[in-house]
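These notes are about the structure you will find just below.
All residue numbers in this chain count up from 1 along the given sequence. Everything quoted here is computed from the prediction, not taken from an experiment.
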Amino acid sequence: VKVPAAGMVTVDWGLLGRNVIPLVTGASPSLTSPTLSTAEPMAGIDSVITIAGGASYSAIDFDATRSGAIEPVIGTPLSPDVYDGPAKGSGSITGTLETLAMLTAAEADAAVTVTVKCVDSAGQNVTFALANVQLLDFTLPLGAPTAMLFTSKFSFGGATAMTITNAAA
């Protein structure tokens, strides 16, 4: 997931499945609801990023992985299930520091929750909630002639590492 301040939100999905059966009709047995628009762009400038601490964010980029696997079984070409591994992720965030709360969270090595709400021009949205986020390599160049820009890498993981929700306008 990439959310730049000036540009379009991009999301790349990887899927792993089992029991693929070609259909004779054009109707899909899954992935049919909700039917959000694919014609409305999601711009980063319309997104909202929320983290404990006062800051304005100019970009966030993160990847989440779950090492799913299918296991071969003797006597059948199909796996009985897709086996989920632990979820984990990493990313980076850039922003302008407005209070010391973000700096305090980084210094305390405290886990925070990051919420990224991406909104399209019709008001429909997709929200990514990242849990157990650890800020890493927090960089705040002091003495800069402009706003106090910071960058931080981060990692997240656990049983509920990421929750994705969507809502129509």
Side-chain angles (χ1 to χ4, degrees), residues 1-17 28-68 82-140 147-169:
V1 177
K2 293 176 178 51
V3 183
M8 303 310 293
V9 173
T10 57
V11 179
D12 294 319
W13 302 100
L15 299 174
L16 177 64
S28 174
S30 59
L31 304 176
T32 58
S33 178
T35 54
L36 296 179
S37 169
T38 57
E40 299 292 333
M42 273 191 178
I45 196 165
D46 296 324
S47 299
V48 177
I49 300 171
T50 307
I51 303 176
S56 295
Y57 305 99
S58 54
I60 189 167
D61 181 345
F62 62 91
D63 294 308
T65 59
R66 184 169 213 147
S67 56
V82 174
Y83 300 98
D84 292 335
K88 59 185 175 180
S90 62
S92 64
I93 190 164
T94 304
T96 58
L97 199 62
E98 296 170 5
T99 71
L100 295 179
M102 178 69 87
L103 208 70
T104 303
E107 179 67 27
D109 198 25
V112 296
T113 298
V114 176
T115 305
V116 181
K117 182 177 181 181
C118 304
V119 183
D120 71 12
S121 56
Q124 299 176 11
N125 68 73
V126 176
T127 301
F128 301 89
L130 312 178
N132 301 318
V133 175
Q134 293 293 140
L135 299 172
L136 312 166
D137 301 327
F138 190 88
T139 305
L140 179 64
M148 293 183 67
L149 296 174
F150 72 88
T151 59
S152 181
K153 294 180 181 177
F154 62 86
S155 66
F156 59 97
T160 56
M162 181 170 62
T163 304
I164 305 170
T165 57
N166 60 30

Interatomic spacing from NZ in K2 to CG in D61 - rounded to 0.5 Å: 4.5 Å
Side-chain heavy atoms of Q124 within contact of V119, under 4.5 Å: no
Heavy-atom side-chain contact between F156 and V112 under 4.5 Å: no
Passing option when V9 is tested against D120, V116, V126, V3 for side-chain contact (heavy atoms from CB on, under 4.5 Å): V3
pair N125-C118: side-chain heavy atoms closer than 4.5 Å: no
Any N166 side-chain heavy atom under 4.5 Å of T127 side chain: no
Closest approach of F62 to L130 (non-hydrogen atoms, all atoms of both residues): CE1-CD2, 3.8 Å
Interatomic spacing from OG in S152 to CG in L136 - rounded to 0.5 Å: 6.5 Å
Pairwise side-chain contact, I93 with T151, heavy-atom cut-off 4.5 Å (strictly under): no
4.5 Å side-chain heavy-atom contact, V1 and F128: yes
Rounded distance (nearest 0.5 Å) linking atom CG of D63 with atom CE of M162: 9.5 Å
From OG1 (T165) to NZ (K117), nearest 0.5 Å: 9.0 Å
